[in-house]
Amino acid sequence: MQCRFVRGFRIWITAATCLWLMGCSPAADFHTDTVGPQQWDQLEGRYVVVNYFAEWCAPCLRELPELNEFHHQYGDSVRLFGVSFDGLNNEALATLRTEQGIEFPLIQNEPFPNLPFAQPQMLPATYIVTPAGEVKGPLLGEQTIDSLKRVTELD
């Protein structure tokens, strides 16, 4: 009898602790398809680049290789995220990633992301969030490795 009580009590304590920890952790501001939930305050202290694109936007597709290369070269210093202008569901976004060869994390639309700027009116559009949390942009037009290095002070 005593062993059953102790085992049951341990299970209850473990479950209660998990629920308490989940309830106290802040909600994610957005989710990505490769790195999971993200919070803006966890990204403070580094540059964040957020690029809006669409599969029907020729300049957006032309800049993807530059964005991929920027991500590979500077991903340890600057976080790069892509956002579908069309608000694709997560399944369609995964298909687009494969079809277009996108190699950097994409912000998912399910659940709806909390971004510190409005959706742009033109494409391609890129926002820069500074290490202090200041939002710059949108930078309109195709971005290159060099243009992104300049605005993220990597030059």
Side-chain angles (χ1 to χ4, degrees), residues 14 17-155:
T14 302
T17 302
C18 288
L19 288 173
W20 179 77
L21 288 173
M22 287 173 28
C24 291
S25 60
D29 290 315
F30 60 94
H31 292 78
T32 72
D33 61 344
T34 58
V35 294
Q38 300 287 298
Q39 295 171 313
W40 286 108
D41 61 352
Q42 292 175 327
L43 297 168
E44 272 185 28
R46 66 188 327 180
Y47 277 95
V48 178
V49 175
V50 180
N51 176 267
Y52 276 86
F53 67 94
E55 62 185 316
W56 47 261
C57 169
C60 299
L61 300 180
R62 281 194 305 265
E63 77 179 342
L64 283 176
E66 291 281 324
L67 296 173
N68 283 338
E69 190 59 32
F70 181 82
H71 171 67
H72 289 297
Q73 285 185 23
Y74 303 104
D76 291 338
S77 304
V78 176
R79 296 300 307 263
L80 169 64
F81 299 105
V83 179
S84 166
F85 181 81
D86 296 325
L88 300 176
N89 67 35
N90 295 350
E91 186 177 311
L93 194 62
T95 300
L96 181 63
R97 165 189 282 291
T98 303
E99 289 174 352
Q100 298 301 328
I102 299 171
E103 299 170 3
F104 48 90
L106 299 177
I107 295 176
Q108 297 179 313
N109 290 304
E110 300 164 349
F112 192 77
N114 176 22
L115 303 178
F117 38 78
Q119 182 169 350
Q121 300 299 307
M122 298 173 64
L123 291 177
T126 303
Y127 288 93
I128 307 299
V129 181
T130 69
E134 178 187 359
V135 176
K136 295 183 179 184
L139 308 176
L140 298 175
E142 292 177 53
Q143 299 303 306
T144 65
I145 292 173
D146 289 336
S147 69
L148 292 175
K149 281 174 52 179
R150 276 192 301 278
V151 296
T152 58
E153 299 181 356
L154 289 170
D155 259 349

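Values reported hereafter were calculated over all heavy atoms of this structure, with side chains retained and with hydrogens, waters and symmetry mates removed. Small disclaimer: the values here were computed from a predicted structure and weren't measured.
- Closest heavy-atom contact between Phe85 and Ala54: CB-CB, 4.2 Å.
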Worksheet item: Are Phe104 and Leu64 close enough, and set up right, to give a side chain to side chain contact (heavy atoms under 4.5 Å, CB included), and what steps lead you there?
Response: CA-CA 10 Å; Phe104 48 90; Leu64 283 176; 3.9 Å; yes
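- Counting only heavy atoms from C-beta outward, the side chains of Gln100 and Phe53 never approach each other to under 4.5 Å.
- Rounded to the nearest 0.5 Å, atoms CD (Glu110) and CG (Asn89) are 5.0 Å apart.
- Rounding to the nearest 0.5 Å gives a distance of 8.5 Å between OG of Ser84 and CG of Leu106.
- Note on ring orientation: taking the six-membered ring where Trp is involved, the planes of Phe117 and Tyr127 are parallel (angle under 30°, cut-offs 30° and 60°).
- When atom types are taken as modelled, the side chain of Trp40 and the backbone of Asn114 share a donor-acceptor pair closer than 3.5 angstrom.
- With Arg97 contributing its side chain and Ile102 its backbone, the two residues share a donor-acceptor pair below 3.5 Å.
- Between Pro116 and Val135 the shortest heavy-atom distance is O-CG2, 3.8 Å.
- Distance CG/Asp76 to NE2/His71: 9.0 Å, rounded to 0.5 Å.
- Here the shortest heavy-atom pairing between Leu80 and Pro105 reads O-CD, 3.4 Å.
- A side-chain donor from one of Glu69 and Gln73 sits under 3.5 Å from a side-chain acceptor of the other.
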Discussion item. One pair to check against side chain to side chain contact (heavy atoms under 4.5 Å, CB included): Leu115 and Ile107. What are the steps and the verdict?
Written reply: CA-CA 10 Å; Leu115 303 178; Ile107 295 176; 4.0 Å; yes
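- Counting heavy atoms from C-beta outward, Phe30 and Val50 have side chains that stay 4.5 Å or more apart.
- Between Arg46 and Pro131 there is no side-chain heavy-atom pair separated by less than 4.5 Å.
- Across all non-hydrogen atoms, the minimal contact from Thr130 to Lys136 is CG2-CE, 3.7 Å.
- For the pair Leu154 and Phe70, the minimum side-chain heavy-atom distance is below 4.5 Å.
- Side chains of Tyr52 and Gln119: no donor on one and acceptor on the other come within 3.5 Å.
- Here the side chains of Tyr47 and Leu148 are not in contact, with every heavy-atom distance at 4.5 Å or above.
- The two residues Gln108 and Pro113 have their closest heavy-atom pair at O-CD, 3.6 Å.
- Atom CG of Asp41 is surrounded by more than 12 heavy atoms from other residues, nucleotides or ligands within 6.0 Å.
- Interatomic distance, Ile128 CD1 to Glu134 CD, rounded to the nearest 0.5 Å: 11.5 Å.
- Listed for the Gln39 side chain is no donor-acceptor partner under 3.5 Å among the backbone atoms of Asp29.
- Side-chain contact between Val35 and Arg79: present, with at least one pair of heavy atoms (C-beta onward) separated by less than 4.5 Å.
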Practice prompt. Dump the intermediate steps for side chain to side chain contact (heavy atoms under 4.5 Å, CB included) on Ser147 and Leu139, then the final yes or no.
Written response: CA-CA 10 Å; Ser147 69; Leu139 308 176; over 6 Å; no
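- One finds the CE atom of Met122 at 10.0 Å from the SG atom of Cys57 (value rounded to the nearest 0.5 Å).
- Separating the CD atom in Glu142 from the CG atom in Leu61 is a distance of 9.5 Å, to the nearest 0.5 Å.
- Between Glu63 and the options Asn68, Thr144, Asn51, a side chain to side chain donor-acceptor pair (under 3.5 Å) holds for only Asn51.
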Worksheet item: Would Thr152 and Val49 satisfy side chain to side chain contact (heavy atoms under 4.5 Å, CB included), going step by step from the backbone distance to the final call?
Response: CA-CA 8 Å; Thr152 58; Val49 175; 3.8 Å; yes
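- For Asp86 (side chain) and Leu88 (main-chain N/O), no donor-acceptor pair under 3.5 Å exists by modelled atom type.
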